[in-house]
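Accompanying notes for the structure given below.
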Amino acid sequence: MKKLFTEFSIKNVKMKNRICVPPMVIGFRDDGYVAFENVERYKELAKGGAGLIIQEATCVNCDGKLMEKQLGIWKDDQIEGLKSIVDAVHEEGCPIFIQIHHAGVVGISEDPICPSPYEYKNYAGSVVGHEMTREDIKSIQNDYIEAARRAYESGYDGVELHGCHAYLISQFLNKKVNKRTDEYGKNPEKFVVEIIDGIRKVTPKEFIVGIRLGGFEPTIEDGIHYAKVLEKNGIDFLDISYGFMSEQEMHVNEEYKYSNAVYAAQKIKEQVSIPVFAVNGINSAEMAEEILNQTNVDIVDIAKGFLINPNWANDAREGKDTGKCLNCAKCMWFGQSKVCAGKVIFERDNKQK
Ligand SMILES: Cc1cc2nc3c(=O)[nH]c(=O)nc-3n(C[C@H](O)[C@H](O)[C@H](O)COP(=O)(O)O)c2cc1C
């Protein structure tokens, strides 16, 4: 595991290895405030030896939630609770970024917004998002900027803009969703670039501002284009995942060894010089090491691996069993974490630990 356990830095933030726990929403409270369980969860993850943790999608506006039980960063009095997560993670010697998020048309709002009217179909039926006015755009951009200011005041080492997986920034970037005829449609990146500029004005220059970006938005050429535009506009890192789920055009050779999201990260890394993170289906330390060496990405995200085994990185370093995600059709962690088969098997096989 030569490369996996080498140090890495983004600006002044030092990571002891190349392993990142990416954002994963595991909600506890309906009101957006931090619960004791949130703090305990991040403490346990930080003890697990990762080089970096990115806190779960945390909402910039209570109307932009993706689910009821989601953390929030839309009010100054939420800072106190968020600070306790930061302190718990820092005490274990691990840096932490926070993912800031607005769901747009794919959220739970009864009257959701979208760059332009778009019919989003979900398991419960379908909903049409109403077109954002210029005032809506300015107001939501300000929510992201204020959220980043609160993140800085809470002690986070940086923010990650949630710019993929069909949420609001992804809705702007994907031309199949964003049909606006003004400059926010002609230059789909304008929405997020203005947010980045605004964050830079309210935080010091050492504060890290990165993005989780869709590699296929809708095509890989668009993903590469946006990555380059964001690099030019001063983004500090690119965490590459999927784009607007139902509006992607992924033409990846079936022979490609890893997931399509890893493919996108590899292609983007060839075109930019800022740090690039890869994610999806990286289910062993051997695979993580191979991806770092063969694709040239800088960081690997291990998501469900850490849900099954919060000590994933320490176990990987010691050559122990890290557990395996069984890729259930619907991830059991959404609501029924106790019956996650990968976790049950891992805990049974490692009882004596
Ligand atoms: C329970 C759960 C919650 C998630 N929440 C988020 C989130 O808040 N933000 C995000 O960008 N991705 C989220 N994801 C996606 C993961 O960060 C990751 O991209 C995905 O699980 C694939 O990585 P893996 O194969 O290592 O699990 C979530 C995944 C799971 C299983």
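Here the structure is a predicted model, which is why all the values come from computation and not from measurement. We count ligands from 1, going down the list as the structure has it; atoms in each ligand are counted the same way.
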Look at [atom] and say which protein heavy atom is nearest, naming residue and atom and giving the distance to 0.1 Å.
atom	answer
atom 1 (C) of ligand 1	F334 CZ, 3.6 Å
atom 4 (C) of ligand 1	M24 CA, 3.4 Å
atom 3 (C) of ligand 1	V25 N, 3.4 Å
atom 11 (O) of ligand 1	R212 NH1, 2.8 Å
atom 22 (C) of ligand 1	N280 ND2, 3.4 Å

Closer than 4.0 Å to some heavy atom of [X] - which atoms of ligand 1 meet that?
X	result
H162	9 (N), 10 (C), 11 (O)
Q99	7 (C), 8 (O), 9 (N), 10 (C), 11 (O)
H165	10 (C), 11 (O), 12 (N)
G281	24 (P), 25 (O)

Requested in this report: Please say whether A57 places an N or O atom under 3.5 Å from an N or O atom belonging to ligand 1.
Outcome: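 The answer is yes, given that A57 and ligand 1 share an N or O pair closer than 3.5 Å.
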Query raised in the report: Do ligand 1 and P23 have nitrogen or oxygen atoms that lie under 3.5 Å from each other?
Result: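 Yes, P23 has an N/O under 3.5 Å of an N/O on ligand 1.
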Query raised in the report: Centres of the H101 and Y167 rings: under 6.0 Å?
Result: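 Yes.
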Query raised in the report: Where's the contact between V279 and ligand 1, heavy-atom distance under 4.0 Å: side chain, backbone, both or neither?
Result: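 V279 to ligand 1: side-chain contact only, backbone stays beyond 4.0 Å.
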Query raised in the report: Out of I85, V89, D87, which one pairs with V39 under the side chain to side chain contact (heavy atoms under 4.5 Å, CB included) rule?
Result: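 Exactly one option meets the side chain to side chain contact (heavy atoms under 4.5 Å, CB included) with V39, and it is I85.
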**Report entry** Heavy-atom side-chain proximity of P188 to F172 below 4.5 angstrom
**Finding:**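 SC-SC contact between P188 and F172 ruled out.
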**Report entry** E217/S170 under side-chain hydrogen bond (donor to acceptor under 3.5 Å, both in side chains): CA gap, chis, key distance, verdict
**Finding:** CA-CA 8 Å; E217 202 72 283; S170 163; 3.0 Å; yes
Requested in this report: Tell me which one of C340, C325, A303 gets a heavy atom nearest to atom 23 (O) of ligand 1.
Outcome: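 The option holding the nearest heavy atom is A303.
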Query raised in the report: So with a 6.0 Å cut-off around OH of Y152, is the heavy-atom count from everything else above 12?
Result: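 Open.
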